[in-house]
A.B. asks: 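Structure below; questions to follow.
All of these numbers come straight from a predicted model, not from anything done at the bench. All values below come from the heavy atoms of this structure, side chains included, with hydrogens, waters and symmetry mates left out.
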Amino acid sequence: LQVNAEESGDDLANPPKVEEKLGAVPHGLSTDSEVAQREAESISRKTLRSSAEKFEFQAEVSRLMDIIINSLYSNKDIFLRELISNASDALDKIRFLSLTDKEVLGEGDTAKLEIQIKLDKEKKILSIRDRGIGMTKEDLIKNLGTIAKSGTSAFVEKMQSGGDLNLIGQFGVGFYSVYLVADYVEVISKHNDDKQYVWESKADGAFAISEDTWNEPLGRGTEIRLHLRDEAKEYLEEDKLKDLVKKYSEFINFPIYLWTTKEVDVEVPADEEESSEEEESTPEAKEDEDTEEDEEKKPKTKTIKETTSEWELLNDVKAVWLRSPKEVTDEEYSKFYHSLAKDFGDEKPMSWSHFTAEGDVEFKALLFVPPKAPHDLYESYYNNNKSNLKLYVRRVFISDEFDDLLPKYLNFLKGIVDSDTLPLNVSREMLQQHSSLKTIKKKLIRKALDMIRKIAEEDPDEYSNKDKTDEEKSEMAEKKGQYAKFWNEFGKSIKLGIIEDATNRNRLAKLLRFESTKSDGKLASLDEYISRMKPGQKDIFYITGSSKEQLEKSPFLERLTKKNYEVIFFTDPVDEYLMQYLMDYEDKKFQNVSKEGLKLGKDSKLKDLKESFKELTDWWKKALESENVDSVKISNRLHDTPCVVVTSKYGWSANMEKIMQAQTLSDSSKQAYMRGKRVLEINPRHPIIKELRDKVAQDNESEGLKQTARLVYQTALMESGFNLPDPKEFARRTTRTSCRCLPLLRTVLF
Ligand SMILES: Nc1ncnc2c1ncn2[C@@H]1O[C@H](COP(=O)(O)OP(=O)(O)OP(=O)(O)O)[C@@H](O)[C@H]1O
């Protein structure tokens, strides 16, 4: 990665040494010492320091930077919140380490966990400094340039298809937003384990790193100096920065200070000449002579304007979750969500739950359902145990990658948990083992599922609101369609929950939504299905396939719809797995209508029919011996179709077979084993079946009969949703048979 340093004309071979005297500045940030000024001037945006080691950005990072630097995106403000958020993360990290080793914090100003923002109007430099964990030389190289995260290419792709730059933080590449406003950036950083280094780049494909021997020693932490572009001068205005911090970084848990400069009136001793002149020229002076005499002994003063500077605190660090829910407004919850989730889109969270758990294990929690699923929610679902909850112990941030605070299927929730029960001064690994975590997890799941249920309860599309007052109705109108929205974004997670969480299966099943033969294009719940069940109906009927449109035409539904039974359409591949775990609901069993075992009341004629078609069914079963067909039976589900192929109850359905075949790494021997035994079900009322019966009775050795029966079977396979093992053979047979048995075929196909 390292490329040869290009010698430039700048005389920086011996950078000036650290200045001894830093002047009377308040705690910290004395970055504008003369030496630093000279240094900054000498490089003056022409070229990077010649003595530095130079590196190329990783290709994806370089593309990302190109996009940012050339972006016409108008909301350039976002860079500040990204830098403050990084500073806050770095402070969280050092505070966490200090729990087990106090020494890491250092002494004096270095131990102050705060963020400082400073402006240099003249040189157009905006600096953001934190006393966080800092970066070693290696960290600087990796974190700011050479390692592309998974979010880098995802974000580049998103931007190329017209995505919103505002979402940069969610992709974990927020730092690079600095190039929206700066054309040259320096990152000065000091980690406890390394010397102080300067990273610098003009976003031209390369960055440079040098050991820092000229700036003020930071003690520990990072200072980012943005050399602002001309068109970004507004970020040198104190008021602008104050507004931005208020808007975006209000909920940062560390104090954010801005170095502000004010003109104030000060009383200074007046020199004698001036005071005597003043006495003569002031008419009031004569009038007040008596009083003047009394005060004669007091020294004469005058008021002059003086410029003073001070650190002004910009945020209130009281954590939202520690406040009573009654005191927090909806707007505050929304803003807190945006800052917590780094989701600065326009949409509010769909729902939230703010509660305190009491008893043996005490904690406060605030959970949110985001308005949209993140881009990578189901990517590496099974390899990623990290929940999106931030864990705090007594207000101290511990981790946002804590395994097992929530089960995987609830990973789409964002939020925080602050526990008073967990110990503070133990390692993350020890904490991970703590017995209270189980209780916390259990309570969080309950609350999360309640919160999701509430989205449905408050949605007028879900429940009739005829008993509601007008005020309640208008409140509900806002929530209209919210559950369908939730379902579209996170429905798969609920299904995965049903598969994975046996304890909460019934609660989760209540949240399940689907379309059905009676749902009229809307989503229905299992409770609705049950309320619509026909008297005497024992099972909940469903069918699986790749689309609703395809399923609506399925021959498996013929008798069921005629008899007015409702059938659920499951069209997501995960549904096949789901239905292996969801056996029953409210004492009703689930029945896949394309599998064996469908009962639709008693058919009094069945016995006679069986008898009448016995010769055909026996003959056909024998003819299909090599096809994994277990038996040939009279069907109770068909009306217009001559026959279908159903699968055994515990084997794969036709749809599942297709899903498994589509999986690159699936094991073909397992496929053969799991493929359900097939049963050919015939429709005794269909003319072609009747004709086949007659033909078998006449001459069951006829080649034409065998060909036709095979063709009818293969057509049934296709109609039942199976892939034909040899489509070419089917095509050949169709053409051949169509010549020989045209009249019969016409009945099959049309
Ligand atoms: N002020 C800082 N102190 C210490 N490390 C930092 C600082 N700023 C950035 N980093 C490091 O650089 C990395 C890249 O930052 P970047 O903002 O691009 O991504 P991120 O912080 O991981 O994600 P996000 O943008 O969502 O905050 C960080 O993960 C962190 O390791």
Side-chain angles (χ1 to χ4, degrees), residues 517 539 541 543 545 550-565 567 591-624 627-649 653-655 676-698 700 704-722 724 730 733-734 737 741-750:
T517 47
D539 296 339
F541 300 124
I543 185 163
Q550 170 230 328
L551 290 177
E552 274 170 339
K553 292 181 214 132
S554 165
F556 292 111
L557 300 188
E558 287 172 1
R559 284 286 289 291
L560 283 145
T561 29
K562 273 240 147 20
K563 290 186 156 224
N564 201 24
Y565 285 107
V567 182
Q591 169 69 49
N592 184 334
V593 300
S594 74
K595 286 191 169 185
E596 263 188 321
L598 178 71
K599 291 189 193 84
L600 296 176
K602 279 214 154 48
D603 191 342
S604 51
K605 293 193 208 121
L606 188 64
K607 210 169 158 223
D608 294 345
L609 283 170
K610 266 188 182 168
E611 203 45 51
S612 148
F613 284 85
K614 189 165 182 338
E615 208 182 346
L616 170 67
T617 51
D618 286 351
W619 173 86
W620 214 348
K621 183 183 169 202
K622 209 152 174 279
L624 292 171
E627 298 282 338
N628 190 32
V629 173
D630 207 33
S631 60
V632 181
K633 285 185 180 165
I634 304 290
S635 183
N636 62 349
R637 45 193 126 202
L638 298 176
H639 195 268
D640 304 320
T641 306
C643 46
V644 284
V645 179
V646 303
T647 47
S648 58
K649 211 170 168 81
S653 66
N655 185 49
K677 280 272 179 215
R678 294 170 185 178
V679 174
L680 176 67
E681 283 194 359
I682 58 170
N683 178 358
R685 292 163 205 90
H686 198 279
I688 190 157
I689 299 296
K690 288 185 188 156
E691 189 151 350
L692 281 173
R693 178 186 57 184
D694 298 346
K695 288 261 182 294
V696 169
Q698 285 161 20
N700 65 12
L705 168 70
K706 283 185 193 162
Q707 298 270 1
T708 313
R710 188 165 172 75
L711 193 64
V712 173
Y713 167 70
Q714 287 181 328
T715 313
L717 265 183
M718 279 202 305
E719 277 208 281
S720 309
F722 291 94
L724 282 186
F730 174 73
R733 199 182 290 277
T734 315
T737 317
C741 333
L742 212 52
L744 198 61
L745 186 78
R746 213 174 273 141
T747 351
V748 184
L749 297 177
F750 308 103

A.B. asks: Among Lys633, Glu681, Gln591, which one satisfies side chain to side chain contact (heavy atoms under 4.5 Å, CB included) with Glu596?
C.D. replies: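 It is Lys633; the other options fail the test.
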A.B. asks: Apply the side chain to side chain contact (heavy atoms under 4.5 Å, CB included) test between Ile682 and each candidate in Val712, Thr617, Leu692, Ile688; give the one that qualifies.
C.D. replies: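 Answer after filtering Val712, Thr617, Leu692, Ile688: Thr617.
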A.B. asks: Can you list everything that forms a side chain to side chain contact (heavy atoms under 4.5 Å, CB included) with Lys706? Sequence neighbours excluded, please.
C.D. replies: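 Lys706 satisfies side chain to side chain contact (heavy atoms under 4.5 Å, CB included) with Trp619, Glu701, Glu703 once adjacent residues are dropped.
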A.B. asks: How long is the span from the CG atom in Leu598 to the OG atom in Ser635, to the nearest 0.5 Å?
C.D. replies: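 Between atom CG of Leu598 and atom OG of Ser635 there are 8.0 Å.
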A.B. asks: How long is the gap from CG on Leu705 to CD on Gln698, to the nearest 0.5 Å?
C.D. replies: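 Output value for this atom pair is 9.5 Å.
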A.B. asks: Under the side chain to side chain contact (heavy atoms under 4.5 Å, CB included) test against Val646, which residue among Arg678, Arg637, Lys595 passes?
C.D. replies: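 Single side chain to side chain contact (heavy atoms under 4.5 Å, CB included) partner of Val646 among Arg678, Arg637, Lys595: Arg637.
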A.B. asks: Where is the tightest heavy-atom contact between Lys621 and Asp630, given as atom of each residue plus distance?
C.D. replies: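 Nearest heavy atoms, Lys621 then Asp630: CE-O, 2.9 Å.
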A.B. asks: Taking ring-ring contact (aromatic ring centres under 6.0 Å, His included) as the test, write out the residues that go with Phe722, two or more places apart.
C.D. replies: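 Once residues adjacent in sequence are excluded, Phe722 has no partner under the ring-ring contact (aromatic ring centres under 6.0 Å, His included) criterion.
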A.B. asks: Supply the atom-to-atom distance Leu551 CG to Asn655 CG, rounded to the nearest 0.5 angstrom.
C.D. replies: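 Output value for this atom pair is 7.5 Å.
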A.B. asks: Please check: side-chain N/O of Asp539 versus main-chain N/O of Phe541, any donor-acceptor pairing under 3.5 Å?
C.D. replies: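 No, the answer is negative, given that no donor and acceptor are paired below the 3.5 Å cut-off.
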A.B. asks: Looking at CD of Glu611 and CD1 of Ile634, how far apart are the two atoms once the value is rounded to the nearest 0.5 Å?
C.D. replies: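 With rounding to 0.5 Å, CD (Glu611) is 10.5 Å from CD1 (Ile634).
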A.B. asks: What heavy-atom pair brings Ala654 and Ser720 nearest, and what distance separates the two atoms?
C.D. replies: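 Heavy-atom minimum between the residues: CB-O, 3.5 Å.
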A.B. asks: How long is the span from the CZ atom in Arg693 to the CD1 atom in Ile689, to the nearest 0.5 Å?
C.D. replies: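 Nearest 0.5 Å value for the CZ-CD1 distance: 10.0 Å.
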A.B. asks: Could you tell me the separation between the CD1 atom of Ile543 and the OG atom of Ser554, rounded to the nearest 0.5 Å?
C.D. replies: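 Here the interatomic distance stands at 3.5 Å.
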A.B. asks: Which residues pass the side chain to side chain contact (heavy atoms under 4.5 Å, CB included) test with Ala716, not counting sequence neighbours?
C.D. replies: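 By the side chain to side chain contact (heavy atoms under 4.5 Å, CB included) rule, Ala716 matches Cys643, Val645, Leu680.
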A.B. asks: Counting only pairs under 3.5 Å, give me each side-chain donor-acceptor contact of residues 555-563, with atom names and distances, residues two or more places apart or in other chains.
C.D. replies:
{"residue": "Glu558", "atom": "OE1", "partner": "His639", "partner atom": "N", "Å": "2.6"}
{"residue": "Glu558", "atom": "OE1", "partner": "Asp640", "partner atom": "N", "Å": "2.8"}
{"residue": "Glu558", "atom": "OE1", "partner": "Thr641", "partner atom": "N", "Å": "3.2"}
{"residue": "Glu558", "atom": "OE2", "partner": "Thr641", "partner atom": "OG1", "Å": "2.4"}
{"residue": "Arg559", "atom": "NH1", "partner": "Asn636", "partner atom": "O", "Å": "3.3"}
{"residue": "Thr561", "atom": "OG1", "partner": "Leu557", "partner atom": "O", "Å": "2.6"}
{"residue": "Thr561", "atom": "OG1", "partner": "Glu558", "partner atom": "O", "Å": "3.4"}

A.B. asks: Would you mind reporting whether Val632 and Tyr713 have side-chain heavy atoms less than 4.5 Å apart?
C.D. replies: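 Not in contact.
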A.B. asks: Can you pull out every salt bridge (charged side-chain N to carboxylate O under 4.0 Å, His left out) where at least one residue sits in residues 709-718? Sequence neighbours excluded, please.
C.D. replies: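 Every salt bridge (charged side-chain N to carboxylate O under 4.0 Å, His left out) pair that includes a residue of residues 709-718, provided the two are not neighbours, is Glu627-Arg710, Arg710-Glu729.
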A.B. asks: For Gln550, give me all partners under side chain to side chain contact (heavy atoms under 4.5 Å, CB included), at least two apart in sequence or on another chain.
C.D. replies: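 If we apply the side chain to side chain contact (heavy atoms under 4.5 Å, CB included) test to Gln550, skipping adjacent residues, the hits are Ser546, Ser547.
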